[in-house]
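To keep things clear, I will list the structure first and then write my remarks on it.
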2 protein chains.
Amino acid sequence: MSTKTKQKKIGDYVKTTENSMKRGREKDGDDSESKKPKSGQVDLSSINFGCDKKNSKDKPWTMKIVSWNVAGMRAWLKKDVIGYLKKEDPDIFCLQEIKCTEKQMPEEAKLSGYKIYINPGEKAGYSGVALFSKTKPIRVRMGKEIKELDDNEGRVIEAEYEQFFLVSTYIPNAGQGLKTLPKRMKWDEKFRNYLKELDEKKPVILTGDLNVAHQEIDIANPKTNTKSAGFTKEERDNMTLLLEQGFVDTFRTLYPEKTGAYTYWTYFSNARARNVGWRLDYFLLSERFMENVCDCVIRSEILGSDHCPIVFYINI
Amino acid sequence: MSTKTKQKKIGDYVKTTENSMKRGREKDGDDSESKKPKSGQVDLSSINFGCDKKNSKDKPWTMKIVSWNVAGMRAWLKKDVIGYLKKEDPDIFCLQEIKCTEKQMPEEAKLSGYKIYINPGEKAGYSGVALFSKTKPIRVRMGKEIKELDDNEGRVIEAEYEQFFLVSTYIPNAGQGLKTLPKRMKWDEKFRNYLKELDEKKPVILTGDLNVAHQEIDIANPKTNTKSAGFTKEERDNMTLLLEQGFVDTFRTLYPEKTGAYTYWTYFSNARARNVGWRLDYFLLSERFMENVCDCVIRSEILGSDHCPIVFYINI
DNA sequence: CATGTTAAG
DNA sequence: CTTAGCATG
């Protein structure tokens with residue numbers, strides 16, 4: 001099976017404007033406050049939190065979704081991430097690997113203005129996902145409520161909105177020495193089937209840490225990592241199957257040639273400073289929904305985890 | 001059984017001089033270096049590392065021994081303790097709860113000029129004692145070499161010198177909810193018998209963390225701790241038995257009325273700053289050897305562990 | 001290398 | 001509260 005998948009090109013979906021600085025919403029003008037860079041976090045004033053691009057129907061973005069694997073929410077909160085989130089101001093944000101229960105979650109994390117949904121999983125301090133949404137979804141399912149998945153590890157939250165399903169996930173890691181690759185393969189299959197059914201009802205926005213770098217362009221060292229968790233042929237092929245089933249890797253479709261675009265860097269050996277990374281975090285979209293997409297951005301400057309946030313702009 | 005024991009008084013053993021500033025050795029004059037207080041450690045320049053007192057025969061100290069429960073040697077080493085030890089410059093120093101093997105011990109800890117003996121115990125990261133001696137002892141026994149004790153937890157090092165045995169120990173903690181009090185009771189008995197036999201051969205200097213505050217004066221909150229590990233009647237009675245067997249609590253004998261003299265403060269609730277402590281670390285001496293003692297000092301200013309070092313000055 | 005356990009103190 | 005171990009990433 002080939003790991004290459006034909007993805008459509010930019011022009012098929014997105015109308016690239018002349019960096020017009022026009023935004024779907026006028027939210028980012030007030031950089032009068034907090035000029036001072038805070039502890040650990042980068043200076044946020046240089047970041048454009050809006051989106052200059054329009055969708056294929058020349059419409060600006062109306063909704064922003066953020067996904068971030070936080071690698072332990074309690075430690076993450078000590079790194080000035082709330083200031084970033086407030087500036088980013090997404091309509092929905094999805095966190096993976098929170099490694100805590102609702103009870104253990106510090107109050108400062110419970111940002112006002114959001115409905116909060118938490119799927120902590122059973123094992124203490126392991127995995128866990130959360131979803132924050134400004135508007136209340138029609139329905140939210142998570143964990144064992146999604147019977148097809150039987151998720152007891154805090155890996156999935158599904159939120160149904162008027163026009164789409166949003167699925168946030170943290171896909172199982174294949175483990176050191178690939179010792180949990182079989183578990184991963186089983187998960188991938190049932191998750192693929194679950195998404196297929198969901199997609200038949202409404203378009204799906206799938207986001208989160210898919211724990212796979214799909215192509216060689218998605219990893220700094222493809223040659224030396226073919227036996228590493230997250231870049232085995234098995235995992236890459238499973239992602240290909242997902243795409244062939246009617247999902248689109250939005251970032252790669254918008255930026256097919258973009259190298260050095262990663263969302264994860266190991267803490268070892270100063271990998272992030274050297275940009276020795278992996279693209280493991282995605283926005284995958286039901287193909288028929290792609291015409292609405294404005295942009296997909298990797299916020300590689302934002303610190304707080306070994307993953308960085310990714311941002312998705314869409315016109316709904 | 002009473003927990004009170006008749007200990008002789010100061011004048012019986014030690015001749016208190018008029019703070020003569022004469023020292024047994026002239027070692028502490030050079031405070032020209034390192035005036036700057038280093039990270040985490042207190043300013044050492046105000047400490048008198050010598051001893052102004054003389055023994056009962058009007059002789060100054062000729063030997064200094066230090067004991068310190070370091071509560072994890074590797075973390076302890078990060079707190080500028082080597083600078084203190086070099087200034088203190090003991091002839092022998094005994095460390096308890098090193099929580100590492102010889103292999104794991106950082107090189108910086110292996111101070112030149114000392115013979116080093118390590119009894120790490122079997123369980124990784126648990127317990128473990130070490131002894132550093134400028135002069136090579138006649139014989140050193142530790143762990144299972146001391147058959148009477150059958151110590152596989154790194155609790156004892158015995159060093160034989162010409163005129164005495166030095167025993168450094170870390171007595172088992174009775175545990176939360178006193179769940180290891182039975183183990184402790186058994187240890188106390190066999191340890192007492194071991195010391196009795198040793199004492200028949202030569203005078204014994206016993207030092208270390210005895211994990212008991214003997215009397216009410218030895219603990220900040222005697223009333224609320226009668227069921228706490230380290231202040232149960234059982235543990236206190238066992239210490240009394242040891243004293244009745246011919247050992248002397250040197251500090252308490254020298255300073256029978258001294259309140260607020262502690263060697264341990266829990267890390268909880270800022271106990272050390274409030275001096276809510278326990279005296280758990282001792283120099284116990286064979287009664288017939290007491291005439292040689294010059295002083296016993298608690299270095300409560302010295303940071304690096306939840307215990308502080310204690311210092312023993314003797315004329316040998 | 002970092003996070004959150006756990007056992008122990 | 002702190003140490004050091006461990007499992008996991």
Side-chain angles (χ1 to χ4, degrees), chain A residues 40 69-79 96-101 104-106 120-128 153-155 170-180 183-184 209 211-212 228-230 264-273 276 278 280 303-307, chain B residues 40 69-79 96-101 104-106 120-128 153-154 170-180 183-184 209 211-212 228-230 264-274 276 278 280 303-307:
Chain A
N69 178 320
V70 299
M73 193 167 191
R74 284 166 287 179
W76 172 78
L77 281 166
K78 292 173 186 159
K79 296 167 193 163
Q96 298 88 33
E97 276 204 273
I98 59 172
K99 296 183 176 181
C100 67
T101 61
Q104 294 170 315
M105 190 179 290
E122 286 172 7
K123 201 197 294 183
Y126 178 72
S127 189
E153 294 193 315
R155 300 200 174 272
Y170 169 53
I171 302 273
N173 191 296
Q176 282 196 329
L178 300 176
K179 65 174 180 287
T180 51
K183 168 190 173 187
R184 164 64 174 271
D209 177 359
N211 245 323
V212 61
S228 303
Y264 162 83
W265 306 261
T266 175
Y267 281 124
F268 295 95
S269 66
N270 212 18
R272 190 159 183 173
V276 178
W278 305 50
L280 302 179
L303 306 177
S305 162
D306 49 0
H307 293 246
Chain B
N69 179 321
V70 299
M73 193 168 191
R74 283 166 287 179
W76 171 79
L77 281 166
K78 292 172 186 161
K79 296 165 192 166
Q96 299 89 33
E97 277 203 271
I98 60 172
K99 296 183 176 182
C100 69
T101 61
Q104 294 170 314
M105 189 178 292
E122 287 173 6
K123 201 197 295 183
Y126 178 73
S127 187
E153 295 193 313
Y170 170 53
I171 302 273
N173 191 296
Q176 281 197 328
L178 301 176
K179 63 174 182 287
T180 50
K183 168 190 172 185
R184 164 64 174 271
D209 177 359
N211 244 321
V212 60
S228 304
Y264 162 83
W265 306 261
T266 175
Y267 280 124
F268 297 100
S269 66
N270 212 19
R272 190 160 185 172
R274 300 183 292 127
V276 178
W278 306 50
L280 301 179
L303 305 177
S305 163
D306 49 1
H307 294 246

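- Residue-level contact check: B/K179 touches neither bases nor backbone, having no heavy atom under 4.0 Å from any strand.
- Within the nucleic acid shown, B/Y264 has no heavy atom closer than 4.0 Å to any nucleic acid atom.
- Note: B/Y264 and B/H307 have tilted aromatic rings, judged against thresholds of 30 and 60 degrees for the angle between ring planes.
- With sequence neighbours left out, B/T180 forms a side chain to side chain donor-acceptor pair (under 3.5 Å) with no residue at all.
- Contacts of B/Q104 classified as side-chain contact (heavy atoms from CB on, under 4.5 Å), with partners at least two apart in sequence or in another chain: B/R74, B/C100, B/T101.
- Applying the salt bridge (charged side-chain N to carboxylate O under 4.0 Å, His left out) criterion to A/R155, with sequence neighbours excluded, gives A/E153.
- When the C1' atom of D/dC6 is taken as reference, atom OH of B/Y126 falls 18 Å away, rounded to whole Å.
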Tabulated below should be each protein N or O lying under 3.5 Å from an N or O of nucleotides 1-3 of chain D; please produce it.
residue: D/dT3; atom: OP1; partner: B/K79; partner atom: NZ; Å: 2.8

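- In terms of the side chain to side chain donor-acceptor pair (under 3.5 Å) criterion, residue partners of A/S228 (sequence neighbours excluded) are, by chain and number, A/N225.
- Applying the side-chain contact (heavy atoms from CB on, under 4.5 Å) test to A/E122 and every residue at least two apart in sequence or in another chain returns A/K144, A/N152.
- Interface limits on DNA chain C: the 5'-most and 3'-most nucleotides within less than 4.0 Å of chain B heavy atoms are C/dA8 to C/dG9.
- Under the rule for a side-chain contact (heavy atoms from CB on, under 4.5 Å), the partners of A/S269 that lie at least two apart in sequence or sit in another chain are A/R274.
- Listed by chain and number, the residues in a side-chain contact (heavy atoms from CB on, under 4.5 Å) with B/N211 are B/Y170, B/I171, B/N173, B/R184, B/D209, B/L280 (sequence neighbours excluded).
- Using a 4.0 Å heavy-atom cutoff across all strands shown, A/Q104 reaches sugar-phosphate atoms only and no base atom.
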